[in-house]
Participant: 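Have a look at the structure that comes next, please.
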Amino acid sequence: MYPFFGIEEHPGEGELTLLRPDTWAELEVRDTCFFDDLATGGLSACLPRIHSPTRDVPPGFLRRVTGVARVDHEDPVLPIEENHTSRWTFPSHQLNILNAYTQPVTEHTPDRPAQRYDAALADAIETRWQARWKADGTYHTPNPAGSLTEGPTNAPADLATRPKLFIMDMFPYPSGTGLHVGHPLGYISTDVYARYKRMTGFNVLHTMGYDAFGLPAEEHARSTGEHPRVNTEANIANMSRQLARLGLGHDDRRAIATTDESYYRWTQWIFSQIFNAWFDVENDKARPIAELEAEFESGARAPDDGRTWAEMTAGDQRALINEFRLAYVSEAPVNWCPGLGTVLANEEVTAEGRSDRGNYPVFRRPLKQWMMRITAYADRLLDDLDLLDWTDSIKTMQRNWIGRSEGAHIDFRVPTASDDDGEVANIRVFTTRPDTLFGATYVVVAPEHPLVDNLTAEAWPESTKSAWTGGADAPATAVAAYRHRTSQMSDLERQENRDKTGVFTGSYAVNPVNDESIPVFIADYVLMGYGTGAIMAVPGQDERDWEFATEFDLDIIRTVQPPPDFEGDAYVGSGPAINSGFLDGMEIDEAKSATIAHLVELGAGESTITTKLRDWLFARQRYWGEPIPIVFDEDNNARSIPDDQLPVNLPDLIDWAPRELDEDSDPEPPLGRAEGWTTVDLDLGDGLKTYKRDLNTMPQWAGSCWYYLRYIDPLSDDIVANPVSEKYWMGGDDPEAGGVDLYVGGVEHAVLHLLYSRFWHKVLFDLGHVSTPEPFKRLINQGYIQAYAFVDDRGIYVEASDVVEADGHYQYEGQTVERQYGKMGKSLKNSVTPDDMYRDYGADTLRLYEMFMGPIDQDRPWETKSVVGSQRLLQRIWRNLVDEDTGELSIADVATPPDLERVLHRTIEAVRADMSSLSFNTSIARITELNNELTKLEGPTPRVVADALVRMISPLVPHIAEELWSRMGNADSVVYADFPTANPALLVDDEVEIPVQIKGKVRSRITIPADADEESTKAAALADPRIIELLDGAEIRKVIVIPGKLVNIVA
RNA sequence: GCCCGGAUGGCGGAAUUGGCAGACGCGAGGGAUUCAAAAUCCCUUGUCCGAAAGGGCGUGUGGGUUCAAGUCCCACUCCGGGCACCA
């Protein structure tokens, strides 16, 4: 049916020969992401019209195509040269040609006007202006000092002295799969806002970088043997190309990648700053480590072990200091992931106990690792949330993550056991309910608790109940068995199985307030990682303790009086204290303070605060990350590399082979395989010595913790950022606020990135390197673009673009398929790429559609069929200003009709308000209304209206705006033109029509002067013939008048 | 289980402080133009009754406050997200 024409398929390249001059060539390709690569290889224009089956498709043309190319270098509409041959190249795994067909060209003479705003014209306009912007440096943003002080060649002279606005997107990881239309949603939003702010008097800093260290590139390297940098840079190039085509107004001089040596040098510098700092609890801030050394030297601070500073060896001194550092090495239980060959932070482990990336199993085991003392900042990270203009949900998530709770430490002495110092063992518990202490009927310590061995009695006491022993004949056996069992359980099993288990240790603890002896258990419902790893159990007031007490036949004493109608088990509500000695009758808060005061007197407790936040595990045993700039001396003490010897460059590796690791093996850092790199001779101030390098790399979060700072001053090589520029862009003159003015990104970074970044920033703030307490003043989480996906009856996804709707059902190749709704992505076969949209509509249409779909923070469904609405708006605006046939301007210096003038100024007012609040969807609606007025207008468009219209659309659709602006005779770019201002006099009408209601229902309308007072409005309403008729003489009880708004008559 | 957020026509969504529900767009229907189509322009489009005029109903469900409720209060249903044996 369709003659196959000469196509050969090769793994790396192909050759296409057209045999007939009158044919369209049609290639069915599986992946259109790299279509431009195909084009640059020789196949030039893609046919946009093929993708709009309702238009311009010759009858009989194949519909089932996802990409169409034809061989022509000039104009897609011209006939094809005879026997034309083109070559192209492409990676076979990315582009797969399934079929090639030819089809006779039918009568197909689109008589479109020469200057219709269609995809081809949009493409020409867009590429031309993008080249122009680049040549002019239009988006170059001037710094106040240091480097990059120059602005664009044709910008306003005062640009550098204007008020600043710093706008950021969460920068992407350069993925190899390219973009789909969901990715740039946030980038378009920030670009529109940045452009609007440039036109309203601000010096705007907006650029883009790449978070380019990370696992995928390293996994790619493992499978191909290619250096991760090669793959990373290729991905960055492709993503940059796709993004550049959107016309984003970024200062490309400031673009960074975290993998640049000139960037990660400063990531390492920040690590050294943190390493060389300690947290001064009294002053609640970080200070340089040298000041701590000085305190020890002067005797203002003494070592714990009784020695004086002078008595200690240099190595011991160094070891002591190291314990105070904000970055420290610690042997602690960590998350070991053999599948990835690395340890992971708590935050990177899923609730199921698997790795966030790759979904490999994760095991808890003690290992020596770098930690960062983020817990020192828990209070400030919590309190300073109040300074931020973030959504409550994000703040709540951070608060929950930090998990601060106020309570008390209470000491339960165990007279029969001794601790490591040979004293009577003392179990310190944490509780938020000290008021319930009289109801404590047993004590539970976590199975991993260090005191467990000491607490384990030699034999079961006489009072031991059979349920408590786990069937063992001695406490030691029972405890060992129980601990073994818990250690074998995965986090998932532990989470799914909430039945209360545990065993008695054989010891009894003494309740400090009533000297009762209560049994001590170990049970896995008490977690070592929270509080003190031990609790006093109050089954009367705690549901978990109630369950355990019921299971193990333990006493239950209520200490709070439940209401009479209470029918549950444990009572956690409020009420007066009972069975509590001197507390009886007190409400909970009063009883808490009374208990704590009493405990302090007894020396058995004190009030305290606990957080869920743990210190940040900072080392990874991976290659593709920043090397930790640390060496170890002969005492195995960590020493930082001097700033002037940074960066510590990643060594090149030859051996990429994966290592087979299991739960019990130790991590093998890949950097350990870099021969000649692992040791180094350095002079760290005490002569040239040989040191062992740290073989770890930093986690992926490191680079993204501080990139806002480098955007400010990306070129400086002697300082992280010029302080004058830093203060200007971060708004550091305001000590309470400041920070990036707008930060837009996905909600998935609500805790990890945003918490780590705030932590680093606060350390830098304490050390005087930044001028604001917080990095990001205002945060918005953009919604996600969702898409429909379709599954057939085998449950397999089918190509969503080929599904047709027929009377309520969805069909794919004649078969009914089921529609699902979710994320856009390759695996669901529902991706739409920006490249598709550039080809079919142009970048401005894509921008406009994405902004029109809905509010910025809301998820929204992608509908390719609706994109045409946004294209039509641009076509109509174009047609109202330009003659489609001749290309001449259809605007004139004529007086604006008064009604149109009012509409114009109301539009300006509304668009300004909507742009300011990032309500781009409604500002587009207002612009559409104005343009609809112009469409109705007979004769040419008045110049003043055209001028304002072009200025107003320019943040949204900068290319078409520049084109119209230029055609209207403006030499300078519209980017720095002033945004129109409404004339207040034109915002109010002389007369208004208001509704008249009877008992809240609109029954009539009256037209009255806009400034009519209450009396005359009421009179006019009551005089309305329709109202008189409907009232029919009924008694009027009340008349509510809202002047200029409405009248409501109650009869 | 706890904490957030949400529910408005066939679809995406609009609606400062309670004050004309459904802006704007998509889709659909009709018309003009055209040999025909595409494109363009115009009209209609929440729903029910009605020839029309006009009227009834209507913002997830059930109550309430108010002259007036999508908006405020109470109870509930469903959907989305986060946390989860955190003492």
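The analysis underlying the following values was restricted to heavy atoms, covering all of them including side chains, and did not include hydrogens, waters or symmetry mates.
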Participant: If you find the nucleotide of RNA chain B closest to A:Tyr525 and the one closest to A:Lys1038, which residue's nucleotide is nearer the 5' end?
Facilitator: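 Going by which nucleotide is closer to the 5' end, it is A:Lys1038.
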
Participant: Kindly point out which of B:C26, B:C42, B:C24 is positioned nearest to the side chain of A:Ala925?
Facilitator: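 Looking only at side-chain atoms, A:Ala925 lies closest to B:C24.
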
Participant: So what does A:Ser405 hit on the nucleic acid, given a heavy-atom distance under 4.0 Å: a base, only sugar-phosphate, or nothing?
Facilitator: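 Sugar-phosphate: the residue A:Ser405, judged by heavy atoms under 4.0 Å, touches backbone atoms but no base.
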
Participant: Within the 4.0 Å limit for protein heavy atoms, which parts of nucleotides 14-21 of chain B are touched? Write it as a string from 5' to 3', B for base, S for sugar-phosphate only, - for none.
Facilitator: S----BB-

Participant: Does B:G9 fall in syn (glycosidic angle within 90° of 0) or anti?
Facilitator: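 Chi for B:G9 falls in the syn range.
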
Participant: Hey, are A:Thr935 and A:Asn880 close enough side-chain-wise for a donor-acceptor pair under 3.5 Å?
Facilitator: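 Per modelled atom types, A:Asn880 and A:Thr935 side chains form a pair under 3.5 Å.
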
Participant: Without decimals, in angstroms, what is the distance between A:Asp883 CG and B:U40 P?
Facilitator: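 To the nearest whole Å, that distance equals 16 Å.
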
Participant: Is A:Arg1026 near enough to B:A53 that one of its side-chain N or O atoms lies under 4.0 angstrom from OP1 or OP2?
Facilitator: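 Result: no.
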
Participant: When you get a sec, tell me which of B:C4, B:A87, B:C41 is the closest nucleotide to the side chain of A:Phe430?
Facilitator: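 Of all the options, the side chain of A:Phe430 is nearest to B:A87.
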
Participant: Any idea which of B:A87, B:C85, B:A23 is nearest the A:Thr432 side chain?
Facilitator: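 Looking only at heavy atoms from C-beta outward on A:Thr432, the closest nucleotide is B:A87.
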
Participant: Work out how far the C1' atom of B:G19 is from that of B:A68, and round it to whole angstrom.
Facilitator: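 Looking at atom C1' only, B:G19 and B:A68 are 7 Å apart.
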
Participant: Using a distance-only test with no angle check, is there a side-chain donor-acceptor pair under 3.5 angstrom linking A:Tyr530 and A:Ser405?
Facilitator: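 Side-chain D/A pair, A:Tyr530 to A:Ser405: present.
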
Participant: If you measure from the P atom in B:G58 to the same atom in B:C3, how many Å do you get, rounded?
Facilitator: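 Rounded to whole Å, the distance is 33 Å.
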
Participant: Would you call the rings of A:His753 and A:His749 parallel, tilted or perpendicular if under 30° counts as parallel and over 60° as perpendicular?
Facilitator: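 Judged by the thresholds at 30° and 60°, the geometry between A:His753 and A:His749 is perpendicular.
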
Participant: Looking only at atom P, what distance separates B:A14 and B:G82, rounded to whole Å?
Facilitator: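 That atom pair is separated by 23 Å.
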
Participant: Specify the closest pair of heavy atoms between A:Met397 and A:Val751, including all atoms of both residues, with the distance to one decimal.
Facilitator: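 Residues A:Met397 and A:Val751, closest heavy atoms: O-CG1, 3.7 Å.
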
Participant: Sticking with atom P, work out how far B:C72 lies from B:C85, rounded to a whole angstrom.
Facilitator: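 Here B:C72 and B:C85 have their P atoms 34 Å from each other.
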
Participant: For the C1' atoms, the ones on B:G70 and on B:U17, what distance do you get once it is rounded to whole angstrom?
Facilitator: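 About 16 Å, rounded to a whole number of Å.
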
Participant: Is the phosphate of B:A84 approached by A:Asn400 (side-chain N or O, under 4.0 Å from OP1 or OP2)?
Facilitator: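 A:Asn400 to B:A84 OP1/OP2: no side-chain N or O under 4.0 Å.
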
Participant: If I take atom CG in residue A:Leu755 and atom P in nucleotide B:G82, what distance separates them, rounded to the nearest angstrom?
Facilitator: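 It works out to 17 Å between those atoms.
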
Participant: Contact class for A:Val526 vs. all strands (heavy atom < 4.0 Å): base, sugar-phosphate, or nothing?
Facilitator: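 Contact class for A:Val526: base.
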
Participant: Can you tell me the Watson-Crick or wobble partner of B:A38, both distances under 3.5 angstrom?
Facilitator: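 Checking every strand shown, B:A38 finds no partner, since no pair has both distances under 3.5 Å.
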
Participant: How is A:Asn932 classified with respect to the nucleic acid when contacts are heavy atoms under 4.0 Å: base, sugar-phosphate, or nothing?
Facilitator: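 The residue A:Asn932 makes sugar-phosphate contact but no base contact.
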
Participant: Considering only atom P, compute the distance from B:A38 to B:U33 and round it to an integer number of Å.
Facilitator: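 Each nucleotide's P atom is 15 Å from the other's.
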
Participant: Which residue is it: A:Arg879, A:Gln115, A:Gln875? I am looking for the one with a side-chain hydrogen bond (donor to acceptor under 3.5 Å, both in side chains) to A:Glu884.
Facilitator: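 By the side-chain hydrogen bond (donor to acceptor under 3.5 Å, both in side chains) criterion, A:Glu884 pairs with just one of A:Arg879, A:Gln115, A:Gln875: A:Arg879.
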
Participant: Using a 4.0 Å heavy-atom cut-off, does A:Arg399 contact any base of the nucleic acid, only the sugar-phosphate backbone, or nothing at all?
Facilitator: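 Counting heavy atoms under 4.0 Å across all strands, no contact is made by A:Arg399.
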
Participant: When you compare B:G55 with B:G50, how far apart are their C1' atoms, in angstrom units rounded to a whole number?
Facilitator: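 Looking at atom C1' only, B:G55 and B:G50 are 9 Å apart.
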
Participant: Between A:Leu554, A:Thr441, A:Asp569, A:Thr550, which is the residue that forms a side chain to side chain contact (heavy atoms under 4.5 Å, CB included) with A:Pro539?
Facilitator: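 Among A:Leu554, A:Thr441, A:Asp569, A:Thr550, the one meeting side chain to side chain contact (heavy atoms under 4.5 Å, CB included) with A:Pro539 is A:Thr441.
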
Participant: Closest approach of A:Ser923 and A:Phe920, non-hydrogen atoms and distance?
Facilitator: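 Residues A:Ser923 and A:Phe920, closest heavy atoms: OG-O, 3.0 Å.
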
Participant: A:Glu543 near the nucleic acid: base, sugar-phosphate alone, or nothing, with a heavy-atom cut-off under 4.0 Å?
Facilitator: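 The answer is nothing, as A:Glu543 stays clear of every strand by at least 4.0 Å.
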
Participant: Take atom CD of A:Glu863 and atom P of B:G13, then tell me their distance rounded to the nearest Å.
Facilitator: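 Between P of B:G13 and CD of A:Glu863: 10 Å.
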
Participant: Using atom C1' in both nucleotides, what's the gap between B:G9 and B:G62 to the nearest angstrom?
Facilitator: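 Pairwise C1' distance, B:G9 against B:G62, rounds to 24 Å.
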
Participant: Given B:C4, B:C24, B:C26, which nucleotide is nearest the side-chain atoms of A:Arg872?
Facilitator: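 The answer is B:C26, which lies nearest to the side chain.
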
Participant: If we check side chain to side chain contact (heavy atoms under 4.5 Å, CB included) with A:Ile1040, which of these qualifies: A:Val1047, A:Ile1049, A:Val1050?
Facilitator: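 For A:Ile1040, the side chain to side chain contact (heavy atoms under 4.5 Å, CB included) test succeeds with only one of A:Val1047, A:Ile1049, A:Val1050, which is A:Val1050.
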
Participant: For A:Val445, run the side chain to side chain contact (heavy atoms under 4.5 Å, CB included) check against A:Thr532, A:Ile535, A:Ile522 and tell me which one passes.
Facilitator: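 So, applying the side chain to side chain contact (heavy atoms under 4.5 Å, CB included) to A:Val445 and each of A:Thr532, A:Ile535, A:Ile522, only A:Ile522 qualifies.
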
Participant: Measure from the side-chain heavy atoms of A:Lys936 and tell me the nearest of B:C42, B:C24, B:A87.
Facilitator: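 Of the candidates, B:C42 comes closest.
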
Participant: Check every strand shown and say whether A:Lys395 touches a base, only sugar-phosphate, or nothing at a heavy-atom separation below 4.0 Å.
Facilitator: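 Here A:Lys395 touches no strand at all.
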
Participant: Could you state the atom-to-atom distance from CH2 of A:Trp390 to C1' of B:G82 in whole Å?
Facilitator: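 Result: 16 Å.
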
Participant: Determine the contact category for A:Arg876: base if any of its heavy atoms lies under 4.0 Å from a base atom, sugar-phosphate if only primed atoms, P, OP1 or OP2 are that close, otherwise nothing.
Facilitator: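 Sugar-phosphate contact only - A:Arg876 comes under 4.0 Å of backbone atoms but never of a base.
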
